[in-house]
Peer 1: 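One structure follows; several queries about it will come next.
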Amino acid sequence: MSASIEFSDVSFHYGFRHSDALENVSFSVGAGSITGLLGRNGSGKSTIAMLMAGQAYAQEGDVLIDGVPVFDNPQAMASVCNAADSMAIFGDEKIKNTLNLWRDVRPNWDEDFAGQLFETFKISIKKKPDKLSRGQRSALHAILGLASRCPVTIFDEVHLGMDAVAREVFYRTVLADYTQNPRTIIMSSHLIEEIEDLLDHVLFVHEGKLIESGDADDVRERHARENKVPSLTDILVEMTIGDIS
Ligand SMILES: Nc1ncnc2c1ncn2[C@@H]1O[C@H](COP(=O)(O)OP(=O)(O)OP(=O)(O)O)[C@@H](O)[C@H]1O
């Protein structure tokens with residue numbers, strides 16, 4: 001139920017070319033892992049997430065899911081869920097109408113699990129997404145991502161609107177569900193400290209370029225100074241603005 005992801009020399013620009021949002025980005029994510037997609041504002045994380053999901057076409061390079069180009073490929077696209085603010089929901093209709101759509105387009109959709117998650121996050125499916133609070137909307141996006149059980153599941157900062165308790169519930173749910181139903185999970189977040197323990201691999205992006213990647217422990221070791229193992233936040237700070245100690 002998991003799939004690999006491959007970016008080969010991917011460059012991408014929005015609209016008329018001013019500058020590249022991504023420049024020659026190459027990496028592989030093996031099937032069955034939780035990978036952190038980490039970087040500062042505007043570094044290119046959401047753009048990478050969109051390309052992984054086949055929601056945009058890379059003007060240069062290849063984006064492959066399980067060895068197959070994902071763009072314009074309905075079968076490959078169905079195996080990737082990009083849980084993000086931009087996901088397809090009917091804002092002014094009851095949530096259950098969105099669930100009917102998702103059930104139809106997500107082959108691994110788990111109805112019972114979705115029901116449990118709505119109870120956990122205390123959201124009624126009789127409500128309309130437009131009438132939910134910001135945190136509740138974030139939880140709805142997280143629920144759709146989790147219950148889809150897609151071989152590749154991307155959580156693009158979905159949890160940022162949630163309060164601290166809801167975020168903790170979300171992290172625990174991701175880990176528990178991943179353990180029972182292994183798949184390839186990508187977590188993009190600014191709250192690196194909170195997700196650090198979940199991640200077994202990391203991709204660091206900065207100004208549209210991949211600046212570090214690999215097994216999370218190997219990356220920490222590579223950046224260790226005087227036997228002090230840095231956090232992933234320390235590493236991002238060091239790589240993007242230099243040593244501030
Ligand atoms: N729709 C768009 N049109 C034009 N430029 C865009 C668009 N979306 C993003 N960009 C630009 O592409 C670059 C990468 O943006 P992206 O949204 O991928 O960054 P991000 O790392 O997800 O940022 P954040 O953490 O702030 O959400 C930025 O320079 C941004 O200004």
Side-chain angles (χ1 to χ4, degrees), residues 5-27 29 34-65 70-72 77 80-89 91 134-135 137-142 144-145 152-162 164 166-167 170-171 174 184-196 198-199 201-214 216 219 231-241:
I5 307 167
E6 176 116 28
F7 272 47
S8 305
D9 271 328
V10 171
S11 295
F12 178 85
H13 58 86
Y14 288 91
F16 293 112
R17 189 172 199 145
H18 297 297
S19 62
D20 283 343
L22 296 178
E23 216 181 306
N24 295 107
V25 172
S26 298
F27 61 80
V29 174
I34 304 186
T35 298
L37 179 55
L38 310 174
R40 299 178 58 193
N41 289 130
S43 55
K45 303 181 298 295
S46 296
T47 306
I48 289 177
M50 244 169 42
L51 291 168
M52 281 177 179
Q55 293 164 337
Y57 178 69
Q59 291 96 353
E60 286 171 44
D62 296 310
V63 177
L64 309 178
I65 298 295
V70 64
F71 185 78
D72 215 12
M77 285 175 73
V80 184
C81 176
N82 184 13
D85 283 349
S86 56
M87 64 204 307
I89 54 173
R134 181 169 176 226
R137 246 193 327 272
S138 297
L140 172 61
H141 296 150
L144 294 173
V152 174
T153 303
I154 306 160
F155 294 107
D156 184 7
E157 300 182 316
V158 277
H159 52 291
L160 290 189
M162 298 179 194
R167 290 201 302 276
F170 170 63
Y171 302 143
V174 169
T184 307
I185 292 183
I186 305 288
M187 296 202 69
S188 167
S189 182
H190 301 297
L191 302 173
I192 302 176
E193 293 90 351
E194 289 191 5
I195 62 165
E196 175 144 6
L198 285 178
L199 308 176
H201 288 79
V202 286
L203 299 167
F204 282 100
V205 280
H206 185 54
E207 296 177 348
K209 299 188 184 74
L210 187 79
I211 54 169
E212 179 60 284
S213 64
V219 169
S231 68
L232 296 175
T233 303
D234 293 337
I235 294 171
L236 180 64
V237 171
E238 177 213 300
M239 287 191 299
T240 57
I241 61 171

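Indexing begins at 1, ligand by ligand and atom by atom, following the structure's order. Side chains are part of it too, since the values below use all heavy atoms of this structure and drop only hydrogens, waters and symmetry mates.
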Peer 1: Once salt bridge (charged side-chain N to carboxylate O under 4.0 Å, His left out) is applied, do any residues pair with E194, and if so which ones, sequence neighbours excluded?
Peer 2: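 Counting only residues at least two positions away or on another chain, E194 forms a salt bridge (charged side-chain N to carboxylate O under 4.0 Å, His left out) with R167.
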
Peer 1: Are side-chain heavy atoms of I154 and M52 found at a separation under 4.5 Å?
Peer 2: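 Yes. Closest side-chain heavy atoms under 4.5 Å.
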
Peer 1: If the test is side chain to side chain donor-acceptor pair (under 3.5 Å), which one of D156, N82, D85 qualifies with S46?
Peer 2: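 Exactly one option meets the side chain to side chain donor-acceptor pair (under 3.5 Å) with S46, and it is D156.
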
Peer 1: Could you work out, with ring pair (Phe, Tyr, Trp, His ring centres under 6.0 Å) as the rule, every residue matching H159, not counting sequence neighbours?
Peer 2: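 Once residues adjacent in sequence are excluded, the partners of H159 under the ring pair (Phe, Tyr, Trp, His ring centres under 6.0 Å) criterion are F170, Y171.
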
Peer 1: Would you say that I89 contacts H141 through its side chain, given a criterion of any heavy-atom pair below 4.5 Å between the two side chains?
Peer 2: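 They are in side-chain contact.
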
Peer 1: Taking only residues two or more places apart in sequence, or in another chain, which ones meet E23 in a salt bridge (charged side-chain N to carboxylate O under 4.0 Å, His left out)?
Peer 2: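 By the salt bridge (charged side-chain N to carboxylate O under 4.0 Å, His left out) rule, E23 matches K209.
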
Peer 1: Which protein residues come within less than 4.0 angstrom of ligand 1, counting heavy atoms only?
Peer 2: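 Around ligand 1, where the cutoff is 4.0 Å for heavy atoms, the contacting residues are Y14, A21, R40, N41, G42, S43, G44, K45, S46, T47, E157, H190.
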
